[in-house]
Novice: 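Below: one structure in structure tokens.
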Protein chains: 2
Amino acid sequence: MTKPALRPYSRYSREAVQLLGRSIRRARIEKKLTVAELATRAGLSRGLMQRIEQGDPGCGIGPVFETAAIVGIRLFEADQAGLSAMTAANDAALTLLPRAVRPARPEIDDDF
Amino acid sequence: MTKPALRPYSRYSREAVQLLGRSIRRARIEKKLTVAELATRAGLSRGLMQRIEQGDPGCGIGPVFETAAIVGIRLFEADQAGLSAMTAANDAALTLLPRAVRPARPEIDDDF
DNA sequence: GTTCCATGATCTGTTTATGGATCAAATCCT
DNA sequence: AGGATTTGATCCATAAACAGATCATGGAAC
């Protein structure tokens, strides 16, 4: 009896998390780093490091991104400057949008 | 007295998490979705949805990636097929690497 | 083959995230 | 401006993540 998933993640996001984890593992091995070594560098436990590499969706996004950065994986295909630029652009776009959303009426069709 | 961060995240990973969160927010508003609506679709609470958009590194990577996917943000700039391809390529590369890492000797230089 | 060590898995206790409710403030629409 | 509602923030109870230790297995180097 396999444990049912607590949350029904979509295939896309599940695969994305796993890809990131396995990419970290690959980069770690190529750099000849031990799981324990990488965990220490990232400031987390070996157990968590293993879960990250296995693609556990329950892992905090902070620790995952941190280890990815340490082994040299670029997020959003951008370096530090690139991230700042994207952030600025995104924030600029946000100022042009309404702050609160008024959901479109479901268009009730109740006269028949 | 401000609360010291539990974990010292690098600027890069911190900014990456924030960028993802604010990108989700932007996409959500552009799609005219309410925080509550998006939370429901993703199967999580409104409170967590807010933290995700604020770039809280403590949020699970699963919920974050899931909401990103729902609002149409592509992870690793790849669609479903792209993710599968990248996963396959990565796994192939992994088979060529040693499974266990033997850390390089510190190269002790003790004869002088 | 033998030895050493990395890895995988499991357990326990503590910390933290998360859900759900609530309230005030901000904002959108008429 | 007025009314409705989204949003932001906070609180509490519970579930889950995380750290740390331990044991068994398997791979790497010799």
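Chain naming here is simple, since letters A, B, ... match the order of the sequence lines and numbering starts at 1 in each. Everything numeric in this text was worked out from a predicted model, so none of it was measured.
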Novice: Considering only C:dC28, C:dT7, D:dT7, which nucleotide approaches the side chain of A:Arg28 most closely?
Specialist: C:dT7
Novice: Mapping B:Ala36 and A:Pro57 onto DNA chain D by nearest heavy atom, which one lands closer to the 5' end?
Specialist: B:Ala36
Novice: Treating A:Thr34 as the side-chain partner and A:Glu37 as the backbone partner, does any N or O pair qualify as donor plus acceptor under 3.5 Å?
Specialist: no
Novice: Decide yes or no for A:Ile70 and A:Ile24: does some side-chain heavy atom of the first lie under 4.5 Å from some side-chain heavy atom of the second?
Specialist: no
Novice: Roughly, in whole Å, what's the span from CZ in A:Arg22 to P in C:dG8?
Specialist: 10 Å
Novice: Check this one for me: any side-chain N or O of B:Arg25 less than 4.0 Å away from OP1 or OP2 of D:dG8?
Specialist: yes
Novice: Establish, with yes or no, whether the OP1 or OP2 oxygen of D:dT5 is under 4.0 angstrom from a side-chain nitrogen or oxygen of B:Thr34.
Specialist: no
Novice: Apply side chain to side chain contact (heavy atoms under 4.5 Å, CB included) to the pair A:Ile52 and A:Arg25, showing each step before the final yes or no.
Specialist: CA-CA 9 Å; A:Ile52 289 176; A:Arg25 162 175 268 262; over 6 Å; no
Novice: Examine D:dT7: is either OP1 or OP2 under 4.0 Å from a nitrogen or oxygen in the side chain of A:Arg102? Give yes or no.
Specialist: no
Novice: Identify, between A:Ile61 and B:Glu53, the residue whose nearest nucleotide on DNA chain D lies closer to the 5' end.
Specialist: B:Glu53
Novice: Locate the shortest heavy-atom distance separating B:Asn90 from A:Arg22; write the atom from each residue and the value.
Specialist: ND2-O, 3.0 Å
Novice: I need the CG-P distance between A:Leu97 and C:dT27, as an integer number of Å.
Specialist: 14 Å
Novice: Can you find a heavy atom in the side chain of B:Thr87 that is under 4.5 Å from one in the side chain of A:Gln18?
Specialist: no
Novice: Start with the C-alpha distance between A:Glu15 and B:Phe65, add both sets of side-chain angles, then the distance that settles side chain to side chain contact (heavy atoms under 4.5 Å, CB included), and finish with yes or no.
Specialist: CA-CA 10 Å; A:Glu15 206 159 333; B:Phe65 276 25; over 6 Å; no
Novice: Would you kindly compare B:Arg99 and A:Ala100 by the position of their nearest DNA chain C nucleotide and give the one closer to the 5′ end?
Specialist: B:Arg99
Novice: Return a single string for nucleotides 9-20 of chain C, one symbol per nucleotide in 5' to 3' order, where B is base contact, S is sugar-phosphate-only contact and - is none, cutoff 4.0 angstrom on heavy atoms.
Specialist: B------SSBB-
